[in-house]
Trainee: 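Supplied in structure tokens, the structure appears directly below.
Hydrogens, waters and symmetry mates play no part in the numbers below; they use all other heavy atoms, side chains included.
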There are 4 protein chains.
Amino acid sequence: MLRVELTDAIVEVVIDELAEKGYARTSMDGVARRAEVGKSSLYRRWSSKQDMVADAVSQLSVPLVDIPDSGSLRGDIERAFEMVAQWLSDERLGRILPDLTAEAKRNPALAKALTEHLENPRRAKAEPVLDRAIARGELPPDVDRELALDIFAAPIYWRYTVRRTEITPEFLATLTDSTLAFLGARPAKKRRR
Amino acid sequence: MLRVELTDAIVEVVIDELAEKGYARTSMDGVARRAEVGKSSLYRRWSSKQDMVADAVSQLSVPLVDIPDSGSLRGDIERAFEMVAQWLSDERLGRILPDLTAEAKRNPALAKALTEHLENPRRAKAEPVLDRAIARGELPPDVDRELALDIFAAPIYWRYTVRRTEITPEFLATLTDSTLAFLGARPAKKRRR
Amino acid sequence: MLRVELTDAIVEVVIDELAEKGYARTSMDGVARRAEVGKSSLYRRWSSKQDMVADAVSQLSVPLVDIPDSGSLRGDIERAFEMVAQWLSDERLGRILPDLTAEAKRNPALAKALTEHLENPRRAKAEPVLDRAIARGELPPDVDRELALDIFAAPIYWRYTVRRTEITPEFLATLTDSTLAFLGARPAKKRRR
Amino acid sequence: MLRVELTDAIVEVVIDELAEKGYARTSMDGVARRAEVGKSSLYRRWSSKQDMVADAVSQLSVPLVDIPDSGSLRGDIERAFEMVAQWLSDERLGRILPDLTAEAKRNPALAKALTEHLENPRRAKAEPVLDRAIARGELPPDVDRELALDIFAAPIYWRYTVRRTEITPEFLATLTDSTLAFLGARPAKKRRR
DNA sequence: ATGTAAGCGAGACGGTACGTCACGTCTTCAC
DNA sequence: GTGAAGACGTGACGTACCGTCTCGCTTACAT
């Protein structure tokens with residue numbers, strides 16, 4: 001019977017607070033104050049700060065779009081990289097993802113939320129890239145999909161988040177070449193359609 | 001003239017506390033208590049918890065060993081991967097690295113400490129792998145060293161820390177093949193020695 | 001058109017809660033829960049906790065019995081003292097009377113309820129003692145009835161409730177003697193009947 | 001090592017809050033706010049609200065003065081009654097005494113504080129009245145001192161605090177007569193001095 | 001007989017206070 | 001003057017009630 005619009009409003013505030021202050025400095029009192037809500041309304045919904053944040057993350061409307069068929073694996077990968085780069089540098093998500101990643105090491109609920117609501121959707125968006133490449137004959141049908149989906153994100157995350165380095169177009173260009181090789185890509189076999 | 005041996009003792013305690021409890025639950029009071037030291041002795045040395053941790057990290061004796069020449073790039077990479085995997089699952093370092101990475105986004109001092117004392121040494125240890133491969137003719141002399149050094153760590157970090165997945169020998173085996181392709185490796189040109 | 005039987009059931013619960021937990025730890029939520037009633041049913045009847053308690057007290061069936069004619073003022077006083085002592089050490093009333101007394105200082109409704117439903121009935125029960133004593137010639141007809149009715153309760157309340165001391169038979173015996181003097185009692189003039 | 005002047009300032013605030021709001025509505029947060037002090041400073045000194053109040057009561061500088069020798073028991077009693085009446089109608093003490101009395105039923109620490117710091121001093125002030133009366137021959141040497149000390153306070157407390165009635169000079173006059181009888185007072189045996 | 005009012009239980013709501021913990025600052029005292 | 005000890009103000013934690021309020025559901029009277 002919890003008022004849904006109130007829940008949504010609170011979640012919005014949680015995400016804003018997380019983005020502005022990070023996980024540690026986001027407080028229940030602060031969220032309640034900013035949402036103009038009693039603390040009881042928070043604890044009626046979630047049993048702890050960790051719970052609340054995990055739930056808020058679940059509802060983070062990730063700015064994920066489908067990767068359009070560019071006609072080649074190379075083109076598709078370029079688009080996929082751009083998506084990840086934008087994702088990580090996003091105002092809201094980018095600022096909290098490292099915090100959440102760290103916190104998830106201790107908090108299974110948060111870990112689950114992150115996997116299901118952030119990583120899985122991202123992977124789902126990238127799957128068609130592999131399908132199309134296999135159909136084109138650019139990738140072998142038995143390509144290691146797990147590894148392929150990892151490699152679309154890992155190097156960019158590493159550079160941007162762990163090493164705190166700029167993501168330049170040159171980097172992405174070189175990365176694209178190497179990633180094609182990583183995947184064992186071949187030229188498209190023949191005209192499809 | 002702060003007593004150096006006291007500073008060292010405190011740093012030891014900080015590292016232990018971080019490893020045991022993580023960044024967030026490490027407290028100044030706790031460190032002072034465990035080091036049998038007044039809090040003033042902490043704040044005389046560092047201006048905040050973040051500062052103190054950054055400094056402690058600088059003095060983290062990273063368990064990095066030289067990568068011995070295995071005779072082939074493949075062998076060297078396998079050893080390099082093992083090193084990274086051990087590093088991340090290390091009792092002390094592995095438990096706090098995600099915390100520190102997140103914190104570093106807001107704390108330049110910590111960012112600098114991480115880069116200089118963790119990432120740079122790691123890269124330095126991996127450089128000879130590239131040198132040897134070039135000498136063997138397995139890698140072109142103009143290989144993108146930055147990218148190569150990234151790719152030794154990024155996929156493993158992604159799997160282990162971000163996706164919270166087991167690092168299996170099978171994964172490392174497949175990863176090795178793909179990484180060789182990623183780097184554009186060729187068979188060694190001629191018999192060495 | 002509030003359901004009367006519901007009101008009565010709630011009042012019962014209020015009295016029980018008061019007796020078990022005292023005024024401060026009696027909560028509206030607790031009463032509602034125990035009476036299996038919505039909180040609205042409470043606030044529909046009373047505007048606050050204080051109001052509710054005041055009303056409950058009004059309906060407290062005080063265990064007051066008539067003081068039988070013992071044939072002498074001394075005997076009647078002894079019975080009256082016993083009655084007060086039992087009253088104050090009563091399971092239900094005794095535990096809350098100090099609370100209510102304190103609360104009544106700020107709450108006129110409660111004050112009125114206490115006076116009308118507790119003190120006045122008690123005085124009414126003691127009046128015949130005076131009447132009989134006057135008839136017997138033990139007390140002058142113009143005895144200060146107000147003061148006399150006070151003195152039947154005041155010393156015992158003081159000892160038991162304010163000073164938190166045991167009420168012993170010895171105390172009551174001495175008190176009886178002194179009280180007879182206090183009232184200016186004389187031996188009975190003659191045989192009545 | 002607690003700062004004594006801070007403790008004193010807090011105690012002052014506690015007493016003021018008690019007098020203004022009563023026990024129940026006196027809050028730790030409120031005291032901290034008014035004393036411009038952190039809550040931790042409260043809990044460093046006392047383990048709970050009950051503790052704090054008990055201690056504050058201990059330090060209540062009771063406006064007790066010695067009862068001067070009026071030359072007769074009657075005069076001394078009149079003065080003693082006035083003292084009690086002023087005590088109970090005192091701005092600070094009178095407003096909280098009923099609260100504290102009620103609370104003390106559940107709180108032994110508070111009970112002890114009340115006995116030692118309020119009731120015992122009051123009794124000590126009244127003792128000389130008895131001594132002098134015995135010396136004058138107005139009271140027998142074996143008078144029941146306990147009961148005598150009770151009767152100096154009980155009727156007035158009952159009227160003023162329990163029955164919430166005005167204390168009038170007429171009442172006190174009548175009470176004085178009856179109290180002399182209660183005590184079994186006789187005329188002074190002989191000229192003193 | 002059916003509409004409409006009201007009582008009802010349930011419990012969400014914005015608040016305030018509880019007692020605990022950690023932060024970073026400041027003060028005291030011993031050496 | 002360094003250091004141990006720890007008090008200080010601040011503010012977050014998660015819990016418990018307060019008194020208000022909004023829901024559907026039931027009951028009962030008036031049409």
Trainee: Look at the side-chain N and O atoms of B/S41 and state whether any lies under 4.0 Å from the OP1 or OP2 oxygen of F/dG3.
Mentor: no

Trainee: Take D/T7 and B/R45, find for each the nucleotide of DNA chain F with the closest heavy atom, and name the residue whose nucleotide sits nearer the 5' end.
Mentor: B/R45

Trainee: Rounded to the nearest angstrom, tell me the gap between atom CG in D/L2 and atom P in F/dG9.
Mentor: 11 Å

Trainee: Report the distance from atom CG of D/L6 to atom P of E/dC26, rounded to the nearest whole Å.
Mentor: 16 Å

Trainee: Whether the side chain of C/S47 engages the backbone of C/Y43 through a donor-acceptor N/O pair (distance < 3.5 Å, no angle test) should be reported.
Mentor: no

Trainee: Tell me: CZ of D/R34 to P of F/dG9, nearest whole Å?
Mentor: 17 Å

Trainee: Using modelled atom types and a 3.5 Å cut-off, is there a donor and acceptor pairing between side-chain atoms of C/D99 and backbone atoms of C/Y23?
Mentor: yes

Trainee: For D/K105 and D/A111, indicate whether the former's side chain and the latter's backbone hold a donor-acceptor pair under 3.5 Å.
Mentor: no

Trainee: Closest-nucleotide mapping onto DNA chain E: is A/R3 or C/E36 further toward the 5' terminus? I mean the 5' end.
Mentor: C/E36

Trainee: Do nucleotides 12-19 of chain F as a string where each nucleotide becomes B, S or -: B if the base has a protein heavy atom under 4.0 Å, S if just the sugar-phosphate does, - if no protein is that close.
Mentor: SBBB-SBB

Trainee: Decide, yes or no, whether a salt bridge links D/R34 with D/D16 under the criterion of side-chain N to carboxylate O below 4.0 Å.
Mentor: yes

Trainee: Please tell me whether A/R164 and B/T115 have a donor and an acceptor in their side chains that are separated by less than 3.5 angstrom.
Mentor: yes

Trainee: How close or far is atom P of E/dT25 from atom CH2 of B/W46, stated in whole angstroms?
Mentor: 15 Å

Trainee: C/K49 side chain to C/A24 main-chain N or O, any donor-acceptor pair under 3.5 Å?
Mentor: yes

